[in-house]
Amino acid sequence: MTTPLIDPFLRPISYLRVSVTDRCDFRCVYCMSENMTFLPKKELLTLEELDRMCSAFVGLGVEKLRITGGEPLVRKGIMTFFNAMTRHLESGALKELTLTTNGSQLARFAGDLHAAGVRRVNVSLDTLDEKKFADITRWGRLPQVLQGIEAAQQAGLRVKINTVALKGFNEDELFTLVNWCAARDMDLTFIEVMPMGDIGNENRLDQYWPLKDLRATLRQQYSLTDLPLNTGGPARYVALEETGQKIGFITPLTHNFCESCNRVRLTCMGELYMCLGQEDVADLRPALRNNPHDDAPLEQAIRAAIARKPKGHDFDYSRAVVDGKMSRHMSHTGG
Ligand code: SAM
Ligand code: SF4
């Protein structure tokens, strides 16, 4: 039996998030600048290489894969990769294969994703107002995303909505979003905006709506129960008694969630980030490419990287400057 991946702080690593492309059909203002320079295609891991990489992690005990990006569903041939991962679900080694998407391509892919063994998807949706949606995503169109969400539910996928909390933008839609999700039996997670990458003229502090008061606001209309649920991630959850929904809060800037971190992130170039909020990175691509028929060097490189996983992140907005700002974009590591 192989020894599972355990980091220096004795946290078992069972969750891999994989960015399969840095490209996207949207340009959300908090995520990208309008004129992004994307990686040359030859820098990307091929679909076969992504398969080998993910399979190596699964072989080392990773039980959950989340596919993200950029927009994962704009990567050409991406279903080939999902279909390849089905074998790990069937063998029982992989417990969950899932994705985070902006929803734009879901109407096209929902059925195929379900057939590949995907059962849950996270769809990012920051507003239900068509005009505001076009403004925040620059290139996105709300009706297309809503159709995608409906198609996903019809295909049997459980949908969770992720909403980035943006000051002066969607604070006023809190209850609209909660009620809209409740009517469709969807959970909802609010995410505090994080200092990732240059976003052109936008100012992070202008965008930051701290979620610490959200519980109190929700209490004005709902009875909340704190859920002990520990996903090993930054989200904390409450249940709304009236609707049965779970509402999540991702508050990396106001809450320390690092003690129970069980995840690492692979970029579309084969770099492994051991922490979303640190710059340290391990390039796994040489071990993969230099040894096309032997996975042992890759496994060794993965173990060496996990041995470098830091204790926690350094994000901090507290002194009215954005400390711990990461130069890479969220679309690079996939959020
Ligand atoms: N394109 C897909 C999507 O939008 O769901 C997947 C990739 S996107 C980078 C993953 C998540 O990160 C999305 O929910 C998005 O809203 C969130 N995100 C992007 N930039 C962020 C930032 N600076 N702070 C907080 N969340 C961010
Ligand atoms: Fe694209 Fe997702 Fe970033 Fe929006 S948040 S620009 S949809 S990668």
Side-chain angles (χ1 to χ4, degrees), residues 17-36 38-39 66-75 78 98-106 109 113 120-127 132-142 144-145 148-149 152 159-167 169-170 177 187-200 202-211 233-235 248-255 257 263 265-268 273 276-277 313 315 317 322 324-335:
R17 298 170 73 105
V18 187
S19 172
V20 294
T21 176
D22 62 334
R23 288 164 199 260
C24 188
D25 52 346
F26 290 5
R27 290 289 180 280
C28 302
V29 298
Y30 48 78
C31 179
M32 294 189 184
S33 62
E34 186 143 28
N35 304 309
M36 290 288 288
F38 292 111
L39 293 166
R66 177 175 295 279
I67 310 309
T68 171
E71 174 46 43
L73 297 180
V74 303
R75 169 89 197 241
I78 193 62
T98 180
L99 75 153
T100 300
T101 171
N102 65 23
S104 69
Q105 309 300 315
L106 264 182
F109 287 112
L113 288 167
R120 298 195 301 166
V121 293
N122 287 358
V123 181
S124 305
L125 179 65
D126 302 327
T127 172
K132 278 163 77 179
F133 187 88
D135 288 346
I136 200 81
T137 61
R138 292 199 186 101
W139 296 2
R141 294 297 165 261
L142 181 64
Q144 190 182 347
V145 171
I149 291 171
V159 177
K160 179 168 80 75
I161 300 295
N162 281 343
T163 300
V164 176
L166 295 161
K167 189 158 90 181
F169 176 76
N170 56 10
L177 281 159
D187 295 329
L188 170 61
T189 293
F190 290 96
I191 308 172
E192 278 179 353
V193 73
M194 290 176 243
M196 307 284 295
D198 177 20
I199 49 168
E202 305 286 332
N203 179 328
R204 292 286 175 199
L205 283 166
D206 285 352
Q207 296 177 341
Y208 182 44
W209 162 22
L211 292 180
F249 309 87
I250 300 188
T251 57
L253 305 165
T254 53
H255 194 112
F257 54 86
R263 62 201 57 199
R265 295 171 163 84
L266 184 70
T267 72
C268 52
Y273 281 91
L276 182 63
H313 67 71
F315 292 135
Y317 281 151
V322 185
K325 182 176 182 298
M326 297 288 102
S327 57
R328 66 184 188 271
H329 287 90
M330 192 70 112
S331 52
H332 188 69
T333 22

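Start at 1 and go down the list; that is how both ligands and their atoms are numbered. Fair warning: this is a prediction, and the values are worked out from it, not measured in the lab.
- Side chain of R75 to backbone of R23: no donor-acceptor contact under 3.5 angstrom is found.
- The side-chain heavy atoms of D22 and M36, taken from C-beta on, include no pair separated by under 4.5 Å.
- Of all atoms in ligand 1, listed by their number and element, those nearer than 4.0 Å to a heavy atom of G69 are 7 (C), 9 (C).
- Residues T137 and N102 form no side-chain contact, since every pair of their non-hydrogen atoms from C-beta on lies 4.5 Å or further apart.
- The backbone N or O of F169 lies less than 3.5 Å from a partner atom in the side chain of K132, making a donor-acceptor pair.
- One N or O on the side chain of R138 and one on the backbone of R27 form a donor-acceptor pair closer than 3.5 Å.
- Between the side chain of N170 and the main chain of T127, no donor-acceptor pair closer than 3.5 Å is present.
- Close approach of ligand 1 to T68 is summarised as follows: ligand atoms under 4.0 Å from at least one heavy atom of the residue are 6 (C), 7 (C).
- Remark: the backbone N or O of R120 is paired with a side-chain donor or acceptor of T98 at under 3.5 angstrom.
- Listed by atom number, the atoms of ligand 2 under 4.0 Å from F26 heavy atoms are 6 (S), 7 (S).
- Here is the list of ligand 1 atoms found below 4.0 Å of a heavy atom in V164: 16 (O), 26 (N).
- The distance from ligand 1 to the heavy atoms of C31 drops below 4.0 Å at these ligand atoms: 19 (C), 20 (N).
- In summary, C31 places an N/O/S atom under 2.8 Å from atom 3 (Fe) of ligand 2, meeting the contact criterion.
- Of all the atoms in ligand 1, the ones that sit under 4.0 Å from a non-hydrogen atom of E192 are 25 (C).
- The part of T101 lying near ligand 1 is the backbone, judged by heavy-atom distances below 4.0 Å.
- Residues T101 and F109 fail the side-chain proximity criterion, which asks for heavy atoms closer than 4.5 Å.
- Of the polar atoms of T100, none of the N or O atoms is found under 3.5 Å from an N or O of ligand 1, judged by distance alone.
- Residue V193 touches ligand 1 through backbone and side chain together, judged by heavy-atom distances below 4.0 Å.
- For G70, the closest heavy-atom approach to ligand 2 falls below 4.0 Å.
- Atom SG of residue C28 and atom CD of residue E71 lie 9.5 Å apart, to the nearest 0.5 angstrom.
- No donor-acceptor pair under 3.5 Å is formed between the side chain of T21 and the backbone N or O of P72.
- At least one heavy atom of G70 lies less than 4.0 angstrom from ligand 1.
- Within ligand 2, the atoms closer than 4.0 Å to a non-hydrogen atom of C28 are 4 (Fe), 5 (S), 6 (S), 7 (S), numbered from 1 in the order shown.
- At a 3.5 angstrom cut-off on N or O pairs, S124 counts as close to ligand 1.
- Looking at C24 against ligand 2, only its side chain comes within 4.0 Å, counting heavy atoms.
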